[in-house]
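Inspection log for the structure reproduced underneath, given as structure tokens.
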Amino acid sequence: MSLDNVLVEGLNKGKIGDARAAISTLAWTNGLTAEPEPIDTFVEAANRLSGADAELDHHEKLLVALGRHGILSDEESMALHAAYLAQQRG
């Protein structure tokens, strides 16, 4: 079983552990970075026009990349993001 499968299996069972480390490890093992992609220019413009004032941090950008590349399902991404935000709050 690959590291990706172990981390994703943990997400599916609600056993995330250190969300920040899980996000970084999944991105690193899949060769993904938080660098902007061409679609991000459009997304940022749409956010500004809608009045949304959301700035993603490095790990949240990695989560977006993991979702875009099919590494995480929407449900897995949301679970990991929720765990990450909970950890950020302490």
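Basis for what follows: all heavy atoms, side chains included, without hydrogens, waters or symmetry-related copies.
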L80 side chain near L26 side chain, heavy-atom distance below 4.5 Å: yes
With the side chain counted from C-beta on, respond yes when H69 and L32 share a heavy-atom pair under 4.5 Å apart, and no when they do not. yes
4.5 Å side-chain heavy-atom contact, L62 and H58: yes
CG/L63 to CE/M78 distance, rounded to the nearest 0.5 angstrom? 10.0 Å
I'd like to know if the side chain of Y84 pairs up with that of D57 as donor and acceptor (distance under 3.5 Å, no hydrogens or angles considered). yes
Quick check: do Q88 and R20 have side-chain heavy atoms less than 4.5 Å from each other? yes
Short side-chain to backbone donor-acceptor contact, E76 and S73, under 3.5 Å: yes
Which distance, rounded to the nearest 0.5 Å, do you find between the NE2 of H59 and the CG of L66? 10.5 Å
Using only atom types and a distance under 3.5 Å, with no angle test, would you say the side chain of T25 pairs donor to acceptor with the backbone of A22? no
Check ion pair D40-R68 (N to O, under 4.0 angstrom): yes
Mind checking ring pair (Phe, Tyr, Trp, His ring centres under 6.0 Å) for H81 and listing every partner two or more places apart, or none if nothing turns up? none
Do Q87 side-chain atoms and A82 backbone N/O form a donor-acceptor pair below 3.5 Å? no
